[in-house]
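Please read the structure below before turning to the comments.
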Amino acid sequence: RWRDVAGSGREDSQDRERARTHLAERGWKKRHTYARWQRRRRRGGRTPCDDSGIYVVLSPGGGPARKLWGGIGRVGRVERTVRLTGNQGGDNSVRRMRETVGNLAQRLGGIDPNWAIHEGRWFYHKAVWVDLTGDGRLSILTARAQRPHSDHSSPDHRNGQLVWLERPAPHHTDAATGQPRNKDGTPFDAFASRHTPWRERILDEGPDVMFNVADLDPSDNTIEVIAAQFFGKKVTLHSIERGPKPRVTFSRTLDDTCGASYSAVLVDLGGPSAGDAGGDGANHVIIDSGSSVETPGLGDTFTHLLVTSHECTYVEHDETASSSSSSSPAHQDISAHQGISVGPGHAPVGGSLFAYAVPPGADGWRTDPWVRTVVATGFCVRSQLLINPGAPGFCYVFYPTVEGKERWGRPYVAISGDCAERAYVLRPAELGAGGDARPAAPTDYELVCEIDCGATVGSLAIGYDDFCKTDIFPNRWAKIYVPSYEKDKILVFALSGVDEDLEGYNVFSSAEDDTTRQLF
């Protein structure tokens with residue numbers, strides 16, 4: 001505009017002043033647009049978490065970003081989002097380029113453009129803070145996968161990776177204050193823009209969705225990752241040696257006939273299982289149980305691994321037999337199946353919940369079979385979502401009250417049905433299968449209730465805080481939060497004791513309609 005006005009030959013002072021005003025306004029807008037872009041960049045991208053990757057939210061709920069500009073120096077706790085993984089070509093220009101190349105390749109008889117768009121883009125389900133270097137730095141251990149080309153893709157297109165994101169180390173420590181510093185003497189912040197994205201290292205191939213972390217042998221310098229490979233359709237174990245350069249020194253397949261394994265949770269079911277010669281599992285320590293419900297938690301011991309499978313292509317005639325001696329897969333028609341089956345003696349049909357016992361002995365987890373038992377099976381898909389549906393989803397273990405294991409022994413099990421549109425609660429069986437007089441096995445469970453939500457149930461939450469004053473003794477009994485996705489609702493169920501002197505007599509009360517139903 002300045003060129004147009006100044007080059008027109010007019011000497012009108014009003015026009016020149018108008019042009020100068022426009023340029024001043026335009027420059028002001030540019031400066032403020034750049035400042036907004038810088039703020040978005042500090043938060044990890046165009047907007048927080050708009051592309052696949054690993055993000056960390058610092059000081060959640062601490063306040064809006066504008067507080068950063070309120071003065072010089074520290075201005076209090078401010079919420080900000082930082083992206084720790086590198087850019088995966090998520091910006092619009094790269095996407096448009098890939099779409100163009102893909103469409104051209106398709107017209108020339110080449111590849112599917114959808115695969116061209118998503119190829120090389122990873123998605124993540126879980127990340128764990130863990131010290132792999134042995135120097136106290138909590139880095140991130142995660143698993144990632146790429147979008148499969150199709151249901152009939154080759155294994156190369158269903159690849160997953162176990163990845164370590166190394167937390168940056170400070171250049172030095174201030175001798176006077178003991179505070180970490182950068183090379184230039186400024187305060188060190190591992191989440192500052194100069195230190196992100198964090199360096200990625202691929203530890204192993206295979207893990208793609210969910211996993212847990214344990215120390216199966218505290219006497220050595222390794223930790224173990226047990227992964228439920230959804231696309232690989234197996235359960236695997238990976239032993240990572242800690243040090244300046246962590247590496248996988250041992251790996252094995254625990255079960256390759258389980259179907260599309262999804263959730264993998266470490267639990268203590270009691271009874272003889274693994275670990276030391278006494279069989280109490282004391283040598284197996286949990287670092288991350290694999291569940292969002294911290295039961296059990298960091299430092300606790302475990303005896304079993306619970307795994308949910310979206311499908312099962314394997315009919316196991318003897319459920320106490322080792323998974324290593326499995327027969328060939330067999331297709332099962334579950335269209336006429338109604339309800340789930342809980343307890344031993346049921347062949348896997350549809351989605352299932354399996355329990356794997358950790359082999360006894362100091363090195364049994366390395367060499368011996370992990371015995372698989374069916375805890376529940378027959379989870380069927382009801383959802384009509386336009387995706388690849390599956391059931392069940394995640395599993396959780398919890399105790400009815402905050403007293404936990406000391407009072408209740410074996411934990412209860414909650415299962416999100418996912419596309420089964422239900423949630424399930426199981427409790428430990430008191431007698432063996434069929435109600436005979438023999439003591440129940442550690443993996444013997446019975447169905448307490450089946451909550452029909454009529455919508456997708458992706459995840460559950462369990463807590464002990466009082467809800468709507470349902471507790472006789474506040475903050476003691478468990479509350480189960482069940483999302484009903486398509487209905488935009490969260491159902492809350494409170495477990496409570498009618499009479500503290502009569503153990504086992506309880507009710508499940510729904511906080512939504514203020515009704516109760518005897519279930520125990």
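The figures here come from the full heavy-atom set of this structure, side chains too, leaving out hydrogens, waters and symmetry mates.
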What do the steps show when you test Tyr396 against Val413 for side-chain contact (heavy atoms from CB on, under 4.5 Å), and what is the final call?
CA-CA 6 Å; Tyr396 312 82; Val413 178; over 6 Å; no
Between Asp204 and Ser251, is the side-chain contact (heavy atoms from CB on, under 4.5 Å) condition met? List the steps.
CA-CA 9 Å; Asp204 207 350; Ser251 62; 4.0 Å; yes
Walk me through whether Phe211 and Ile226 qualify under side-chain contact (heavy atoms from CB on, under 4.5 Å).
CA-CA 6 Å; Phe211 63 93; Ile226 303 176; over 6 Å; no
Using the rule given for side-chain hydrogen bond (donor to acceptor under 3.5 Å, both in side chains), can you reason through Ser261 versus Gln229, listing the C-alpha separation, both sets of side-chain angles and the distance that settles it, and then say yes or no?
CA-CA 6 Å; Ser261 57; Gln229 295 191 26; over 6 Å; no
Does the pair Asp255 and Thr253 meet the rule for a side-chain hydrogen bond (donor to acceptor under 3.5 Å, both in side chains), with working shown?
CA-CA 6 Å; Asp255 189 2; Thr253 297; over 6 Å; no
Given the rule in the side-chain contact (heavy atoms from CB on, under 4.5 Å) test, do Val397 and Val293 qualify, once you have shown the distances and angles that lead to the verdict?
CA-CA 7 Å; Val397 294; Val293 177; over 6 Å; no
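With sequence neighbours excluded, the residues satisfying salt bridge (Lys or Arg N to Asp or Glu O under 4.0 Å) with Asp452 are Arg382, Arg422. Evaluation of the salt bridge (Lys or Arg N to Asp or Glu O under 4.0 Å) rule for Glu224 yields no partner, not counting sequence neighbours. Under the salt bridge (Lys or Arg N to Asp or Glu O under 4.0 Å) criterion, Asp288 pairs with Lys126, not counting sequence neighbours. The salt bridge (Lys or Arg N to Asp or Glu O under 4.0 Å) search around Arg201 returns Glu166, not counting sequence neighbours.
Annotation: salt bridge (Lys or Arg N to Asp or Glu O under 4.0 Å) contacts involving residues 396-406, sequence neighbours excluded, comprise Asp268-Lys405, Glu403-Arg476. Listed by first then second residue, pairs satisfying salt bridge (Lys or Arg N to Asp or Glu O under 4.0 Å) with a partner in residues 291-303 number zero, not counting sequence neighbours.
A donor-acceptor pair under 3.5 Å links the side-chain atoms of Thr308 to the main chain of Ser263, judged by distance alone. At least one donor-acceptor pair closer than 3.5 Å links the side chain of Lys479 to the backbone N or O of Asp465. Within the 3.5 Å criterion, the main-chain N or O of Asp444 finds a donor-acceptor partner in the side chain of Arg410. Checked by atom type and distance alone, the side chain of Lys234 never pairs as donor or acceptor with a backbone atom of Ala260 at under 3.5 Å.
Between Leu266 and His284 the shortest side-chain heavy-atom distance does not fall below 4.5 Å. You'll find the side chain of Ile140 stays beyond 4.5 Å of the side chain of Val128, heavy atoms only. A heavy-atom distance below 4.5 Å is found between the side chains of Phe302 and Leu216. Using a 4.5 Å heavy-atom cutoff, the side chains of Thr85 and Glu200 are in contact. Side chains of Cys395 and Leu353 form a contact here, defined as non-hydrogen atoms less than 4.5 Å apart. Within the 4.5 Å cutoff, side-chain heavy atoms of Leu305 are placed close to those of Val235. Proximity of Thr373 to Phe354: side-chain heavy atoms (C-beta onward) are nowhere separated by under 4.5 Å. Between Tyr464 and Asn475, every side-chain heavy-atom pair lies at or beyond the 4.5 Å cut-off.
Checked against Leu203 for a side chain to side chain contact (heavy atoms under 4.5 Å, CB included), the options Val225, Val163, Leu132 give a single hit: Leu132.
Note: Trp198 and Trp129 have perpendicular aromatic rings, judged against thresholds of 30 and 60 degrees for the angle between ring planes. Note: Phe467 and Tyr481 have perpendicular aromatic rings, judged against thresholds of 30 and 60 degrees for the angle between ring planes.
Taken from CD1 in Ile415 to CG in Leu460, the straight-line distance is 9.5 Å, to the nearest 0.5 Å. The CG atom of Leu141 lies 11.5 Å from the CG atom of Asp131; values are rounded to the nearest 0.5 Å. For the atom pair OG of Ser416 and CD1 of Ile480, the computed distance is 11.5 Å after rounding to the nearest 0.5 Å. Interatomic distance, Ile462 CD1 to Tyr412 OH, rounded to the nearest 0.5 Å: 12.5 Å. Interatomic distance, Arg167 CZ to Leu84 CG, rounded to the nearest 0.5 Å: 9.0 Å. Rounded to the nearest 0.5 angstrom, Gln161 CD and Arg144 CZ are separated by 4.5 Å.
Residue Gly160 comes nearest to Asp208 through the heavy atom pair CA-CB, 3.9 Å, listed as atom of the first residue, atom of the second, then distance. In this structure, Ala264 and Asn212 approach most closely via the heavy-atom pair O-ND2, 3.1 Å. Closest heavy-atom contact between His304 and Pro442: CE1-CB, 4.1 Å. In terms of heavy atoms, Val57 sits closest to Glu79 at CG1-CG, 3.9 Å. The shortest non-hydrogen separation linking Tyr445 to Pro411 is OH-O, 2.7 Å. Residue Leu162 comes nearest to His238 through the heavy atom pair CD2-CB, 4.4 Å, listed as atom of the first residue, atom of the second, then distance.
Under the 6.0 Å cut-off for aromatic ring centres, Tyr262 and Phe394 qualify, their centroids lying closer than that. Aromatic ring centroids of Phe230 and His310 lie under 6.0 Å apart. Proximity of the aromatic rings of Tyr424 and Phe379 is defined here by a centroid distance below 6.0 angstrom, and this criterion is met.
For the residue pair Thr456 and Glu486, a side-chain donor N or O sits within less than 3.5 Å of a side-chain acceptor on the partner. With no hydrogens or angles considered, no side-chain donor-acceptor pair links Ser52 and Trp122 at under 3.5 Å.
Within 6.0 Å of CZ in Arg252 there are more than 12 heavy atoms belonging to other residues, nucleotides or ligands.
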